[in-house]
Asks: 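Below is the structure I would like to discuss, written out as structure tokens.
A quick note: this is a predicted structure, and the numbers were derived from the prediction, not measured.
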Amino acid sequence: MPNEELHRATKRVIDTLEQLTAAPAQGMTLTELASALKAPKSSLFPIVHTLCELHMLSLNSDTGRYCIGYKAYEIGNVYLRRGGLTTDIQTQMHTIVEACGETCYFAQLVEGDVFYLYKVDSTEPVRSVVSPGQRLPAYATGIGKALLSGKSKDELKRLYPDGLKALTPNTITDIDRLSYQLDEIQRNGLAFECEESTQYIRCVAVPIRRDGGVIAAMSIAMPVFRYDPEKEALTIRLLREAQLRLEKLLKNADFNGIM
């Protein structure tokens, strides 16, 4: 549906929720929210007030800042639970973390971004901090490049009409270089990231395919000081094993609840 056909009031509600989802942990004031959405405070106030009454948002009365409320969290968890393969995916992820001691992620591609669906944390005190529900530009992450593998240069240009913006000094910002890497991932089935989305974090990822197309990806992320040839080899083996198991399960499974 073209944007001009969307119901404006409903879209404003969704824009408000999305803006606060991407906001810092402390939330945003009404003034900050109005500025970010380029909307008058007078039209936003009844929206945030209603969302607070319905517990979709919460208001810190001391700071005047709005955050996502518990009802939105409940809705998100219903979405995550709908896939019949949720248990199988998370079992594979726990197996990986127990074997290598590093953080494991499972994600899908949404509008050029990685949308993180599941995470199993490392028990190490220093570890990756991206959480389920967060989004990052796919070109800047190992798991995102796994999700983008198979896409043509024209498809990349459509996904990123404003170009590739750097998140760190190591982020790929050249479409040709990204396209070359994606071709390599398509051939060997492995994606790598070295401090491209977050400094001091490295990542190895594999695409999860069904009917020849990439529908998800799984990754292992760790601090650069724990990344060595032995850990890399273990990481690759664990991801490939999980990839084979999940793709076999996906052949006859209904995964549309998530994907």
Side-chain angles (χ1 to χ4, degrees), residues 21 72-124 127-136 138 141-151 182 185-193 197 201-222 226-227 231-259:
T21 298
Y73 177 80
E74 287 180 354
I75 291 170
N77 274 279
V78 169
Y79 173 75
L80 293 179
R81 289 195 301 268
R82 284 181 61 192
L85 288 176
T86 296
T87 300
D88 297 303
I89 293 167
Q90 293 184 337
T91 296
Q92 294 300 318
M93 294 174 70
H94 281 283
T95 298
I96 285 172
V97 175
E98 288 171 8
C100 71
E102 304 297 349
T103 301
C104 185
Y105 291 101
F106 189 89
Q108 69 178 123
L109 186 69
V110 176
E111 299 172 344
D113 289 342
V114 178
F115 180 74
Y116 291 90
L117 286 168
Y118 308 120
K119 175 186 182 182
V120 177
D121 260 320
S122 165
T123 57
E124 297 285 346
R127 57 184 184 264
S128 177
V129 297
V130 179
S131 299
Q134 283 188 248
R135 290 170 63 161
L136 286 174
T141 71
I143 196 168
K145 286 187 279 187
L147 289 164
L148 290 171
S149 61
K151 293 201 178 296
L182 297 183
I185 296 165
Q186 180 78 347
R187 282 191 289 271
N188 63 34
L190 289 169
F192 296 89
E193 174 201 345
S197 62
I201 295 293
R202 292 196 66 160
C203 171
V204 182
V206 292
I208 307 296
R209 296 185 176 93
R210 182 171 64 179
D211 298 328
V214 177
I215 62 168
M218 182 177 282
S219 71
I220 299 174
M222 68 198 77
R226 290 205 298 269
Y227 192 97
K231 180 63 73 73
E232 181 183 274
L234 174 61
T235 295
I236 290 171
R237 177 174 65 80
L238 292 169
L239 285 171
R240 287 201 186 279
E241 289 173 354
Q243 178 191 45
L244 287 172
R245 292 189 187 103
L246 290 176
E247 287 182 347
K248 185 176 180 180
L249 288 168
L250 279 167
K251 284 184 179 179
N252 300 309
D254 175 12
F255 206 42
N256 293 326
I258 294 176
M259 309 312 296

Asks: Could you work out, with salt bridge (charged side-chain N to carboxylate O under 4.0 Å, His left out) as the rule, every residue matching Glu193, not counting sequence neighbours?
Replies: none

Asks: Who are the salt bridge (charged side-chain N to carboxylate O under 4.0 Å, His left out) partners of Lys151, not counting sequence neighbours?
Replies: none

Asks: If you draw the axis of the six-membered ring of Phe115, does the NZ or CZ of Arg135 fall within 45° of it and under 6.0 Å from the ring centre?
Replies: no

Asks: Apply side chain to side chain contact (heavy atoms under 4.5 Å, CB included) to Ile236 and list each qualifying residue two or more places apart in sequence or on a separate chain.
Replies: Leu190, Phe192, Val204, Glu232, Arg240

Asks: Hey, mind stepping through Thr103 and Val97 against side-chain contact (heavy atoms from CB on, under 4.5 Å) and telling me if it holds?
Replies: CA-CA 6 Å; Thr103 301; Val97 175; 6.0 Å; no

Asks: Arg237: which residues meet the salt bridge (charged side-chain N to carboxylate O under 4.0 Å, His left out) condition with it, sequence neighbours left out?
Replies: Glu241

Asks: Got a donor-acceptor contact below 3.5 angstrom from the Ser122 side chain to the Gly101 backbone?
Replies: yes

Asks: Begin from the C-alpha positions of Glu247 and Ile208 and carry the test side-chain contact (heavy atoms from CB on, under 4.5 Å) through to its verdict.
Replies: CA-CA 6 Å; Glu247 287 182 347; Ile208 307 296; 4.0 Å; yes

Asks: Could you tell me which residues satisfy side chain to side chain contact (heavy atoms under 4.5 Å, CB included) with Ala242, sequence neighbours excluded, listed by chain and number?
Replies: Gln92, Ile96, Met218

Asks: By side-chain hydrogen bond (donor to acceptor under 3.5 Å, both in side chains), which residues pair with Glu124, not counting sequence neighbours?
Replies: none

Asks: So, using side chain to side chain contact (heavy atoms under 4.5 Å, CB included) as the criterion, who are the partners of Ala217 when residues are at least two apart?
Replies: Ile143, Ala146, Leu147

Asks: So Ile220 and Cys203, side-chain contact (heavy atoms from CB on, under 4.5 Å) or not? Walk me through it.
Replies: CA-CA 6 Å; Ile220 299 174; Cys203 171; over 6 Å; no

Asks: Any salt bridge (charged side-chain N to carboxylate O under 4.0 Å, His left out) pairs touching residues 90-103, not counting sequence neighbours?
Replies: Glu102-Arg226, Glu102-Lys231

Asks: How would you list, by chain and number, every residue that makes a salt bridge (charged side-chain N to carboxylate O under 4.0 Å, His left out) with Arg209, sequence neighbours excluded?
Replies: none

Asks: Applying side chain to side chain contact (heavy atoms under 4.5 Å, CB included), name anything that partners Asp211, two or more places apart in sequence or on another chain.
Replies: none

